[in-house]
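Everything on this sheet refers to the single structure shown next.
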Amino acid sequence: MKRAETLWSQSAAPDPQMMAYTVADDREVDRRLIRWDIIGSLGHVAGLAKSRVITTAQHSRLRRALRHALVAADAGELRIGAEHEDVHSAVELWLTRHANGVGEVVHTGRSRNDQVATDLRLYLKDETLRLHGGMLDLAGVLVAFAAANRRAVWPGYTHQRAAMPSSAGLWASAFAAGLVDAADAIAGFWPRLDRSPLGGAAGYGVPLPLDRTAAARALGFGGIDEPVTLTQNGRGQLEAAILFWCIEAAHHCAKLAADVMLFSSSEFGWLTLPRTLATGSSIMPHKRNPDLFELTRARAAALEGDFAALLAVRGRLTSGYHRDFQFLKAPLFRGLDRTREMLGMLTTAVPQLGVDAERGLNAVQGESLATDAVMARVADGVPFRQAYREAAERLKHGEAIPRRSAAAIISARAGAGNMGNLPIAALRQGIARGRRWGKAQQRQLDRAITALVRGGGR
């Protein structure tokens, strides 16, 4: 195994065991950041040129070399190997070998501390916009499911006991609304994510006249971290906010999955699971197992573990940079991956779910209509509490509650947001509004990257 080349030096060669211990799995974890490290460097050198810390000629050479590096990275020719300590050393050493003199200049006015923070924010802007879109995609298929099945009634539950009539439409629209709310919660952390850390260096700035705003604009950021000490003091907080956002969506996914498993079981049966979405048993030929929904529930639980790991790393540290921050990336990336997988799988699965409307209607007859019987008496002018006691007495003596059709059950619930008045249009408007916001942010990021890669920055 090659000895790792570092961006730092000391009089004696570092102990190999120590290097292996400190590098750990950084090479593997950093692979998804290599493109963003190069793009971040393009923004950094644009800022250096604007600040006149480097000459126009140096900027041109740096820009050309970094563009070649990006092509090489996309082609798999520039990659993090055993000889590298991390993504930053891989990129800088590639520049040093392939563009004479450029690698010696690119790190001017920068530390790996503000460099990795910039890489992460660029990556997270792109990734959270994709997750935001994924939440809205799942909300969209749930709205379609709700609209298609708005007349299919089934029991609603309290205390895990049949309570009052609900419907497939009411059930699905609740998850759609929850996911729209979750997607909209991106606004809680986006302003922090949209600030550039560049120029903060190791956490205390640098004695150079850096135009930090120029570098931020070049990368499509809306502003900069101020004071410069904020970036390192905030490491882990932004990551935690993003994972908590993921958990909010994941909890909707997990509850949806748990319901599907229960409602599609033979004992319930008002949802049906197609064979294409079920697995089988190696010993029981009749089994159709809802593995994808069980694993959705498990992924949501594992995501909470990722969040806890991240909090444990960043908590109780003094201010400034700590190497502990290295352990923030793995749980962050795992959590993002799990969230993306859940959203994508359920977006595929929900439109394939079937509804057995007859079985659902049969399940709401009897005691589930007790409140309907009470309200029918109220409509005739009987005080509510008296009607309640009368219905309770009839149930006590085994008196049957008359059957009601699905249409009668639904039409009696015409209030806003009830099963007879689902907010389908409002939900679609909320999804459309969220998509417009997400597309606007993605365009801003894409324009900045395109300008850096093709046009030399702005």
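All heavy atoms count here, side chains included; hydrogens, waters and symmetry mates do not.
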Check the orientation of W245 and F189. Use parallel for under 30°, tilted for 30 to 60°, and perpendicular for over 60°. perpendicular

Please determine whether a side-chain nitrogen of the Lys or Arg among D86 and K329 lies less than 4.0 Å from a carboxylate oxygen of the Asp or Glu. no

Of all heavy-atom pairs between L292 and L277, which one has the smallest distance, and what is that distance? CD2-O, 3.6 Å

Is any side-chain heavy atom of W36 closer than 4.5 Å to one of I449? yes

So does L170 get a backbone contact from the side chain of S167, meaning a donor-acceptor N/O pair under 3.5 Å? yes

Less than 6.0 angstrom separating the ring centers of W171 and W270, yes or no? no

Crowding at CG, D74 (>12 non-hydrogen neighbours, <6.0 Å): yes

Please lay out, stage by stage, how R212 and L198 fare under the test side-chain contact (heavy atoms from CB on, under 4.5 Å). CA-CA 7 Å; R212 297 184 63 210; L198 280 175; 5.9 Å; no

In terms of side-chain heavy atoms, does T318 have a donor or acceptor partner in H322 at a distance below 3.5 Å? yes

The test is side-chain hydrogen bond (donor to acceptor under 3.5 Å, both in side chains); show your working for Q442 and D126 and say whether it passes. CA-CA 7 Å; Q442 191 68 59; D126 188 65; 3.2 Å; yes

Carefully, step by step, assess L219 and R121 under the rule side-chain contact (heavy atoms from CB on, under 4.5 Å). CA-CA 10 Å; L219 289 168; R121 291 195 193 180; over 6 Å; no

Is a side-chain donor or acceptor of R67 paired with a backbone partner of V453 at a separation under 3.5 angstrom? yes

Work out which heavy atom in P165 is nearest to a heavy atom in V364; give both atom names and the distance. CA-CG1, 4.3 Å

Please find the pair of heavy atoms, one from N113 and one from V116, that lie closest to each other, and give the distance. O-CG1, 3.5 Å

Atom pair OG (S411) and CZ (R151), whose distance is rounded to the nearest 0.5 Å: 11.5 Å

Contact check, side chains of R150 and M419, non-hydrogen atoms, under 4.5 Å: no

Is there a side-chain contact between T118 and R110 (heavy atoms, below 4.5 Å)? no

Please test M345 against T348 for side-chain contact (heavy atoms from CB on, under 4.5 Å), starting from the C-alpha separation and ending with a verdict. CA-CA 5 Å; M345 187 68 256; T348 297; 4.1 Å; yes

Regarding K255 and D259, does a basic nitrogen lie under 4.0 Å from an acidic carboxylate oxygen? no

Going by heavy atoms in the side chains, are T128 and W190 under 4.5 Å from each other? yes

Is there a side-chain contact between Q58 and V102 (heavy atoms, below 4.5 Å)? no

D337 bridged to R334 by N-O distance under 4.0 Å: no

Can you see which heavy atom on R31 is nearest to which on I80, and at what distance? NH2-O, 3.4 Å

With side-chain hydrogen bond (donor to acceptor under 3.5 Å, both in side chains) as the criterion, how do T347 and D137 come out once you've worked through the C-alpha distance, each side chain's angles and the decisive distance to 0.1 Å? CA-CA 7 Å; T347 300; D137 288 344; 5.8 Å; no

Using the side-chain hydrogen bond (donor to acceptor under 3.5 Å, both in side chains) rule, take Q352 and T276 through it: C-alpha gap first, then chi angles, then the decisive distance, then the call. CA-CA 9 Å; Q352 299 183 56; T276 53; 3.2 Å; yes

When you measure from the side chain of D37 to the backbone N and O of H88, does any donor-acceptor pair fall under 3.5 Å? no

Quick one: closest heavy-atom pair of A183 and L136, and the distance? CB-CD2, 3.8 Å

Are Y204 and Y321 close enough that their ring centers fall under 6.0 Å? no

Could you give the distance from CD1 (I38) to CG (L452), rounded to the nearest 0.5 Å? 12.5 Å

Classify the ring geometry between F268 and F263 as parallel (under 30°), tilted (30 to 60°) or perpendicular (over 60°). tilted

With a 6.0 Å cut-off (strictly less than), is the heavy-atom count around CZ of R79, excluding the residue itself, greater than 12? no

D114 side chain to S111 main-chain N or O, any donor-acceptor pair under 3.5 Å? yes

The reported gap from CZ in R359 to OG1 in T272 (rounded to nearest 0.5 angstrom) is 10.5 Å

Please check: side-chain N/O of R413 versus main-chain N/O of I409, any donor-acceptor pairing under 3.5 Å? yes

Counting distance only, does the side-chain N/O of S51 pair as donor-acceptor with the main-chain N or O of D211 below 3.5 Å? yes

Closest non-hydrogen atoms of H44 and H107, given as atom of the first, atom of the second and distance, are NE2-C, 4.4 Å

So, the side chain of K439 versus the backbone of G434: is there a donor-acceptor pair under 3.5 Å, distance only? no

Whether F175 and H252 hold their rings parallel, tilted or perpendicular, with breakpoints at 30° and 60°: perpendicular

With distance as the sole criterion, is a donor-acceptor pair present between the side chains of E304 and H251 under 3.5 Å? yes

Could you check if a side-chain atom of E127 sits within less than 4.5 angstrom of a side-chain atom of R340, using non-hydrogen atoms only? yes

Once you round to the nearest 0.5 Å, how far does CZ of F307 lie from CG of L332? 11.5 Å

Quick one: pull up NZ in K50 and CG in L210 and give me the separation to the nearest 0.5 Å. 14.0 Å

In the structure I gave you, are the side-chain heavy atoms of V106 and L48 within less than 4.5 Å of one another anywhere? no

S173 side chain reached by L427 side chain, heavy atoms, under 4.5 Å: yes

What distance do R195 atom CZ and L230 atom CG have between them, rounded to the nearest 0.5 Å? 5.5 Å

Taking G200's backbone N and O only, do any of them form a donor-acceptor pair with D225's side chain (distance below 3.5 Å, no angle check)? no

Among side-chain atoms of R447 and Q444, is any donor-acceptor pair under 3.5 angstrom? no

Take E294 and M261 through the side-chain contact (heavy atoms from CB on, under 4.5 Å) test and state the conclusion after the steps. CA-CA 8 Å; E294 291 175 301; M261 287 185 280; 3.1 Å; yes

Near R316 CZ, under 6.0 Å, is it more than 12 heavy atoms from other residues, nucleotides or ligands? no

